[in-house]
Each structure stands twice: as structure tokens, then as C-alpha cells.
Amino acid sequence: MRRIRTLILWTCCLAVILGACSKAGPLSPVDTVKRFHQLAEKQDWEAALALIDLDAKCRRMLGDLYAQGPPAEQATMRDIWQRKLIDSTTEYLDKHFGESLGTLSQTETDASHAMVQQEKGKFRLIYSLELKNGQWLIVDRGHELDGIRPNPKRSIEVILGRIEKEMGRKPSLAEVNARLEEYMDRFRIRQIKVEH
């Protein structure tokens, strides 16, 4: 009889644990950003980049040029943005966050899109996230210092215009891939003043 009661007790405990696990769901947008920060601090880039949708970033920045490009060239473009992301994240951690995560706050725009701000002093990172296949993924990130926010989308448009002018025609994705990092290093990113 004691064994039966023990077995029933263990079965109930297991059911409660499994029920709690199944209800846990995906990381929240804030927890996703926090997790990305922690993994980046450890330089566990493989795990950190699993929280990023680089395809969405490339589509947002380059539109049809990326969307209609060959898969191999799309992969090359994602590699470019991945390197830029790792470099900028490393710089932000060194310059602005040090040992502290700062303050995280969330503004949800709808059930599948969210914005998370990570702030420390006068520096702020602004993350855009989307819920995809039951997981929140970072699809874009900007930064702001003293109310000044770079406008990378506009800067990419200027760079694409320069490449087109240089070539005398609209470039292919492969041609943009071959020149993009050099142009990004040469040109200052345009900035806008943000009112809060």
C-alpha cells in the first residue's frame, strides 16, 4: 500500500512538473534580448546568433535586391551582416555596458511584433523582435546616444546609389556583396535626432 501511495505521489509530481514545463512557452521579448546579451558577453556567438533572424534583417535593408538574389549570394549577405553584428555588439559591450545589462523595457506593437529597449546612461539599444514558429527572434537592432540615432536604412540606400553610379547600372546582389563592407567602412552612417 505504501508503494502504491509513493507511486501515485511521484506520478502527480511528474504531471505537475511536465504541466509547468509545457506552459512555459517561448522566452519573452525582454528575456530574448537578455539571453542574447548574456551569450554575447560569453562570446558564445553560435548560441547568440540563433536568437537573430539575419534573413529578415537583409530583407528589410535591401528589399528586392536581396529577396530575388541567388541563395548563395543571400548567404554571403547574411555573413556580412553577421560579422557587422558581432563587431558592433562587442563594441557596445566594451564601451557602454561593461559588467551591467542596463535597464530593459518592452513596448509590444502587436501579438507577433515587439520592441525592446536596453538602456544604460545616455546609450540605448533598440531591438525589433518578431514571433516566428513559437520563438521570439531579433530581426533588427539600432542604437541611440544622447538622443541621436543613426539611420542605417538610409545609409544603405546611399551606398547602393553610389555602387550603381560607379557601375553605370543596377548592381546584382553578388556585386553589392563584393563592395558593401568597403563602402560601409568608408561612409558615415546618417543620423537623426530622436525626440522622447
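Predicted, not measured: the structure shown is a model, and the values here were computed from it.
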Quiz item: Rounded to the nearest 0.5 Å, how far does CG of Leu39 lie from CG of Leu49?
Solution: 9.5 Å
Practice problem: Kindly compute the distance separating CG (Leu137) from OG (Ser128), expressed to the nearest 0.5 Å. | Solution: 12.5 Å
Quiz item: Which residues pass the salt bridge (charged side-chain N to carboxylate O under 4.0 Å, His left out) test with Glu73, sequence neighbours left out?
Solution: none
Quiz item: Out of curiosity, Ser88 OG to Lys95 NZ, how far, rounded to the nearest 0.5 Å?
Solution: 11.5 Å
Quiz item: Given Met77 and Leu54, is the side-chain contact (heavy atoms from CB on, under 4.5 Å) satisfied, shown in steps?
Solution: CA-CA 9 Å; Met77 180 59 72; Leu54 288 167; over 6 Å; no
Practice problem: Following the transitive rule for hydrophobic clusters with a side-chain heavy-atom cut-off under 4.5 Å over Ile, Leu, Val, Met, Phe, Trp and Tyr, establish whether Trp136 and Ile126 coincide in one cluster. | Solution: no
Determine all donor-acceptor pairs shorter than 3.5 Å in which one atom belongs to a side chain in residues 62-72; sequence neighbours excluded.
{"from": "Tyr66", "atom 1": "OH", "to": "Asp55", "atom 2": "OD1", "distance (Å)": "2.6"}
{"from": "Tyr66", "atom 1": "OH", "to": "Arg78", "atom 2": "NH1", "distance (Å)": "2.7"}

Practice problem: Say whether Leu101 and Ile52 are linked into one hydrophobic cluster, either directly or through other cluster members, by side-chain heavy-atom distances under 4.5 angstrom. | Solution: yes
Quiz item: Given Arg83, which of Ile86, Ile80, Leu85 fulfils the side chain to side chain contact (heavy atoms under 4.5 Å, CB included) condition?
Solution: Ile80
Exercise. Can you measure from OG (Ser105) to CE (Met115) and round to the nearest 0.5 angstrom?
Key: 10.0 Å
Self-check item: Residue pairs involving residues 42-53 (criterion side-chain hydrogen bond (donor to acceptor under 3.5 Å, both in side chains); sequence neighbours excluded)
Solution: Asp53-Lys132
Exercise. State which residues pass salt bridge (charged side-chain N to carboxylate O under 4.0 Å, His left out) with Lys84; sequence neighbours excluded, sorted by chain then number.
Key: Asp185
Quiz prompt | Where Val116 and Leu129 come nearest, the two heavy atoms and their spacing | solution = CG2-CD1, 3.7 Å
Self-check item: Side-chain touch Arg124/Gln117, heavy atoms, less than 4.5 angstrom
Solution: yes
Quiz item: Hydrophobic clusters join Ile, Leu, Val, Met, Phe, Trp and Tyr when side-chain heavy atoms are under 4.5 Å apart, directly or via other members; which others share one with Val139?
Solution: none
Exercise. Of all the heavy-atom pairs spanning Pro152 and Pro150, show the shortest one and how long it is.
Key: CD-O, 3.2 Å
Quiz item: Is a donor on one side and an acceptor on the other found under 3.5 Å between the side chain of Lys153 and the backbone of Arg60?
Solution: yes
Exercise. Please identify each residue that fulfils side chain to side chain donor-acceptor pair (under 3.5 Å) with Arg179, with sequence neighbours left out.
Key: Glu166
Exercise. Nearest 0.5 Å please: distance from the CG atom of Leu160 over to the CE atom of Met61.
Key: 9.0 Å
Practice problem: Quick one: closest heavy-atom pair of Phe36 and Ala48, and the distance? | Solution: CD1-O, 3.5 Å
Practice problem: Can you spot which of Glu41, Arg141, His37 makes a side-chain hydrogen bond (donor to acceptor under 3.5 Å, both in side chains) with Thr89? | Solution: Arg141
Self-check item: Full working for side-chain contact (heavy atoms from CB on, under 4.5 Å) between Thr32 and Tyr127
Solution: CA-CA 10 Å; Thr32 299; Tyr127 291 85; over 6 Å; no
Quiz item: How many angstroms lie between NE2 in His143 and CD1 in Ile148, if you round to the nearest 0.5 Å?
Solution: 10.5 Å
Self-check item: Pairwise side-chain contact, Leu27 with Gln135, heavy-atom cut-off 4.5 Å (strictly under)
Solution: no
